[in-house]
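What follows is a short report on a single structure.
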There are 2 protein chains.
Amino acid sequence: MTINQATDYALRAVLYLARQPQGEVTEAQVISEQEVIPIRFLLKIMPSLIKAGIVKSFRGVGGGYVLAKAPGEISFLDVVEAVEGPVALNRCLIDYAFCSKKGAPNCQIHQALADVQAKLKAELQGHNFAEFIN
Amino acid sequence: MTINQATDYALRAVLYLARQPQGEVTEAQVISEQEVIPIRFLLKIMPSLIKAGIVKSFRGVGGGYVLAKAPGEISFLDVVEAVEGPVALNRCLIDYAFCSKKGAPNCQIHQALADVQAKLKAELQGHNFAEFIN
DNA sequence: TCTAAAGTATACTAGATGGGTAAACAATAG
DNA sequence: CTATTGTTTACCCATCTAGTATACTTTAGA
């Protein structure tokens, strides 16, 4: 039921970038030190944020990362799903094949969990990174 | 971010018991067959529901399980926490010691996750097993 | 054009968790 | 007493977690 460590680090990395002057490129080393994230691990996580369109990167001397959108347009859900894939409270909610009852006609547990999951996603979507800036 | 298989089975087992005539003892074998749960695994999960006061058991000939409370008094949260322990979106929300920043003064990620977690728990508590009966 | 400084890709690993099985035990109805 | 039912403990293997290592690519600037 918990987000993993990589996601926790990703949220902190995005928040750190959101706090920098707009357009300023920050290198991995700095994020790593400020947010206390093992640099190798951080460097492995960043590409998933890039693929999701949350950050942009620049290579070579003077390279680093910048947000690809305004902080207000990046939700917690965006970051969580970028790192972990789709939020699913139960494997069945991704594919009935995972269910030992094969989603037997209207499994009511399934329906209730789908409801809770929708609320959870809405909550995660309700938090964006603008809310943390001054 | 997902509940585990044991919890899924537990929810189905409790639902099955909730649908039986009040006070009727159902043996593990029957729950296992009807809900398509490996019996050995089910037998291992049930004690956690007993410790949580959700079901009662009877040993020996004619033994089995019964709900220990009315279905309306058992929430999804009760079952989830009985099997998995406290719901926590992030390890830091259980203990700051897990945080690489040691919960550095008012980590805002922490605060936002705590908010989402509270909403999630409320949603899980909002579903009980009476809603599925007739 | 060379080089040092950045990020990228891929592979590896120790330990924990997940999902289950097995075996020996304890209680109880008849 | 015995067959039937749940309990406890131990074990197992595959996958995931969190992280490290190595080799590579890109690029600014001397």
Side-chain angles (χ1 to χ4, degrees), chain A residues 1-13 17 24-33 35-52 54-66 68 80 83-85 88-92 94 98-100, chain B residues 1-13 17 24-33 35-52 54-68 80 83-85 88 90-92 94 97-101:
Chain A
M1 196 67 101
T2 83
I3 61 173
N4 60 30
Q5 193 60 27
T7 303
D8 183 89
Y9 289 156
L11 289 167
R12 276 149 58 180
L17 291 175
E24 184 159 316
V25 174
T26 306
E27 60 192 81
Q29 186 65 45
V30 172
I31 301 173
S32 162
E33 282 165 10
E35 295 297 326
V36 194
I37 302 171
I39 181 139
R40 300 267 182 197
F41 199 28
L42 176 64
L43 285 166
K44 190 167 70 169
I45 295 165
M46 295 309 286
S48 49
L49 294 177
I50 294 169
K51 287 187 192 97
I54 294 168
V55 308
K56 284 186 297 191
S57 69
F58 298 93
R59 287 156 79 138
V61 177
Y65 303 96
V66 207
V80 169
V83 179
E84 304 194 352
L89 270 193
N90 189 328
R91 300 183 304 179
C92 304
I94 292 187
F98 283 115
C99 181
S100 70
Chain B
M1 195 66 101
T2 84
I3 61 173
N4 60 31
Q5 192 62 24
T7 304
D8 182 88
Y9 289 155
L11 289 167
R12 277 149 58 182
L17 291 175
E24 184 159 317
V25 173
T26 305
E27 60 190 81
Q29 186 65 43
V30 172
I31 302 174
S32 163
E33 282 164 10
E35 295 297 326
V36 193
I37 302 171
I39 182 141
R40 300 267 184 195
F41 199 28
L42 176 64
L43 284 166
K44 190 168 69 169
I45 296 164
M46 296 308 288
S48 49
L49 295 177
I50 294 170
K51 287 187 191 96
I54 295 168
V55 308
K56 284 186 297 190
S57 69
F58 298 94
R59 287 154 79 137
V61 176
Y65 302 97
V66 206
L67 288 193
V80 169
V83 179
E84 304 195 349
N90 190 327
R91 302 182 303 180
C92 304
I94 293 186
F98 283 116
C99 182
S100 71
K101 289 180 83 176

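First the proteins, then the strands, lettered A, B, ... as listed; each starts at 1. Computed from heavy atoms alone, side chains included, the values below leave out hydrogens, waters and symmetry copies.
Nucleotide C:dT8 holds its P atom 10 Å from the CG atom of A:Leu42, rounded to whole Å. Distance A:Ile45 CD1 to C:dG7 P: 14 Å, rounded to the nearest Å. Distance, B:Asp8 CG to C:dG19 P: 10 Å, rounded to whole Å. In this structure, OH of B:Tyr9 is placed 11 Å from C1' of C:dG18, rounded to the nearest angstrom. Separating the CD1 atom of B:Ile37 from the P atom of C:dG20 is a distance of 10 Å, rounded to the nearest angstrom.
The nearest heavy atom of DNA chain C to A:Lys44 and to A:Pro47 marks one nucleotide each, and the one closer to the 5' end goes with A:Pro47.
As judged by a 4.0 angstrom heavy-atom cut-off over every strand, B:Gly63 is placed among residues touching the sugar-phosphate backbone only. In this structure, A:Ile50 reaches the sugar-phosphate backbone alone: every heavy-atom distance under 4.0 Å involves primed, P, OP1 or OP2 atoms, never a base.
Think of the region where chain A sits on DNA chain D: with heavy atoms and a 4.0 Å cut, that region ends 5' and 3' at D:dA18 to D:dA28.
You'll find that the side chain of B:Arg40 is closest to C:dT21, out of C:dT21, C:dT8, C:dG20. Comparing C:dA5, C:dA11, C:dG7 by their closest approach to the side chain of A:Val61 singles out C:dA5.
On a pure distance criterion of 3.5 Å, a polar donor-acceptor pair joins the side chain of B:Arg59 and the base of C:dA26.
Looking only at side-chain heavy atoms (C-beta outward), B:Phe58 and B:Val66 come within less than 4.5 Å of each other. Looking at heavy atoms from C-beta onward, B:Ile50 lies in side-chain contact with B:Val55 at the 4.5 angstrom threshold. Taking 4.5 Å as the limit, every side-chain heavy atom of A:Glu24 sits out of range of all side-chain heavy atoms of A:Leu17.
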| Step by step, would you call A:Ile3 with A:Leu11 a side chain to side chain contact (heavy atoms under 4.5 Å, CB included)? | CA-CA 11 Å; A:Ile3 61 173; A:Leu11 289 167; 4.2 Å; yes
